[in-house]
2 protein chains.
Amino acid sequence: MDWSVQQIAKLAGTTSRTLRHYDEIGLLKPSRTGDNGYRYYGHAALVRLQRILLLRELGLGLPAIAEVLDHESDAEKALGRHLEWLRQEQDRLARQIDSVRRTLEAVKGGGEIMAEKMFDGFDHTRYQEEVEDRWGKDAYAKGDAWWRGMGAEEKDAWKQRSRQLGSDWIAAAQSGAAADSDEAQQLARRQVEWLRAIPGTPAAAHAAGSNGDIRGYVTGLGEMYVADPRFSANYGGESGAAFVRDALRIYAERHFQSGR
Amino acid sequence: MDWSVQQIAKLAGTTSRTLRHYDEIGLLKPSRTGDNGYRYYGHAALVRLQRILLLRELGLGLPAIAEVLDHESDAEKALGRHLEWLRQEQDRLARQIDSVRRTLEAVKGGGEIMAEKMFDGFDHTRYQEEVEDRWGKDAYAKGDAWWRGMGAEEKDAWKQRSRQLGSDWIAAAQSGAAADSDEAQQLARRQVEWLRAIPGTPAAAHAAGSNGDIRGYVTGLGEMYVADPRFSANYGGESGAAFVRDALRIYAERHFQSGR
DNA sequence: CTAAAGGTTAACGTTGCGTCAAGGTCAAGA
DNA sequence: TCTTGACCTTGACGCAACGTTAACCTTTAG
């Protein structure tokens, strides 16, 4: 009472190629092999195959499935871990959808694809990797959660504040003020306060009494601004960006201990 | 004022390998290539790279990104399609999570991985492909939505009804009744009514007055039962499954026009 | 006897790079 | 000047899970 590849494939709802693949990687061996090389599957193989397919539909990888089936006891833990992973994926997707929606709206409205600029409410998608690299994995997560948790009015207010700060920087830069001038240092102070309002940043931690490397953070941020041509483009070319950077560096040197 | 691979990679928050990849597939060519073969990137390239990375974070594929960037006008449509796709993915994930959760609970409670059998509330994951193949893509979707939309009590009731039907079939098969006996035909009627309660099936459409191929559907379902050893195992071996199949076929022949 | 149906192994294609491997180039110190 | 060491280059394999030819036997039905 054995079945051929095609037969068992149809019974279980899969393809013969899949069965050969599973044979190849050792996940499911045929119960018997004919002299002609044909694969034959018996009852036990079918049951195992169905379990494999069930677990696969749940999204588990083949190695994970093998583990579950071979050490029956691990099933619970494996499924638990998998569930956790699925939930993270779900979160990621939700954020992505949100981003796409906003981008789509921006495109519909403005036109240009990359209309969102640096100060337009802290473009947190753009600097994700950089932020994570330099100031820890969860800094971005916190900032992101904070932003997503705001209502539309709050977001508008924040954007307004950001834009105001940005245009003041531009005005100062174009007026030819020096980076260590009072005007520039006042702007630097506002910028730092602005940063402090964003949870997850070292600036926020510093405001709360903790002592991260706020000096390095502020200085580094200035360098990021100069390095980013979108920023320079909006703030009067490289000279404008350099002005912001210098002002921030000087402010940081004057007001913060040298790191950690 | 050009940048080397490493430099531009850091500026944009990616790696040199990625840049070489993009060069290879023609997504982003260097602005200039040195006599030594070195790649150098200018301002325009950096802007394009940043757009690429932004779109990538939104989850678009590289070919799609190329299309968006090269035919600026398509951006809106491309993003719209992408959003749609993301939402479907989200749906899929949600269903998967639900399945994993239920399976996990079943494992915690009962133990055996594949405790869910055929009639245990219509195992809709198991026959997905088959159902889609034979009776259209959205039949499964409708049935699935219906099932997921039920409350726990409703589900329990449904399971109860299903189990009752199943055990009645078993009893009839084991009593040695003929497939065309009154008893068997009564069971067939109940089975068809049971099927009618599941939205998306041809049986449901038929109940609503539409005329899909309900005869083929009912008959085919019977064949599926026989082909499935899990079914036969639970219903008294192949003879029991054959009994069900025959009874259904006879019932279908007697009560439904021959298809479409 | 022949053709159709079904079986076999072998090997490339898919997605987006990470990761060696082997070897030029360039700026700077001994 | 020679030697590091850092950075550059072009291949080419690896990953996940099969789909899809390709080229070639075996079994089965007519």
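Chain letters run A, B, ... following the sequence lines, proteins first and then strands; every chain starts at 1.
The side chain of B:Ser4 contributes no N or O atom lying less than 4.0 Å from OP1 or OP2 of D:dC7. OP1 or OP2 of D:dC25 has not a single side-chain nitrogen or oxygen of A:Tyr38 nearer than 4.0 Å. Distances shorter than 4.0 Å separate none of the side-chain N or O atoms of B:Tyr22 from OP1 or OP2 on C:dG16. Proximity of A:Asn36 to the phosphate of D:dT27: a side-chain N or O atom is located under 4.0 Å from OP1 or OP2. Residue B:Ser16 places no side-chain N or O under 4.0 Å from the OP1 or OP2 atom of D:dC8. An OP1 or OP2 oxygen of C:dG18 is reached within less than 4.0 angstrom by a side-chain nitrogen or oxygen of B:Thr15. For B:Gln6, a side-chain nitrogen or oxygen approaches OP1 or OP2 of D:dC8 to under 4.0 Å. In this structure, B:Arg56 reaches the C:dC17 phosphate: one of its side-chain N or O atoms is under 4.0 Å from OP1 or OP2.
Heavy atoms of A:Ile25 sit nowhere under 4.0 angstrom from any nucleic acid atom. Within the 4.0 angstrom heavy-atom criterion, only backbone atoms of the sugar-phosphate kind lie near A:Gly61; the bases stay farther away. Note on A:Tyr40: nothing from the nucleic acid sits closer than 4.0 angstrom, heavy atoms only. Among the protein residues, A:Arg39 comes within range of the sugar-phosphate backbone only, with heavy atoms under 4.0 Å from sugar or phosphate atoms but none that close to a base.
Residue A:His21 contributes atom NE2, which lies 14 Å from atom P of C:dT9 at whole-angstrom precision.
A distance-only check finds no donor-acceptor pair linking the side chain of A:Gln88 to the backbone of A:Trp85 [under 3.5 Å].
For D:dT20, the base has a donor-acceptor partner in the side chain of A:Arg17 [N/O atoms by modelled type, under 3.5 angstrom].
For the pair B:Arg101 and B:Asp98, the salt-bridge criterion is met [side-chain N within less than 4.0 Å of a carboxylate O]. B:Asp23 and B:Arg20 are not joined by a salt bridge, as no carboxylate oxygen comes within less than 4.0 angstrom of a charged side-chain nitrogen.
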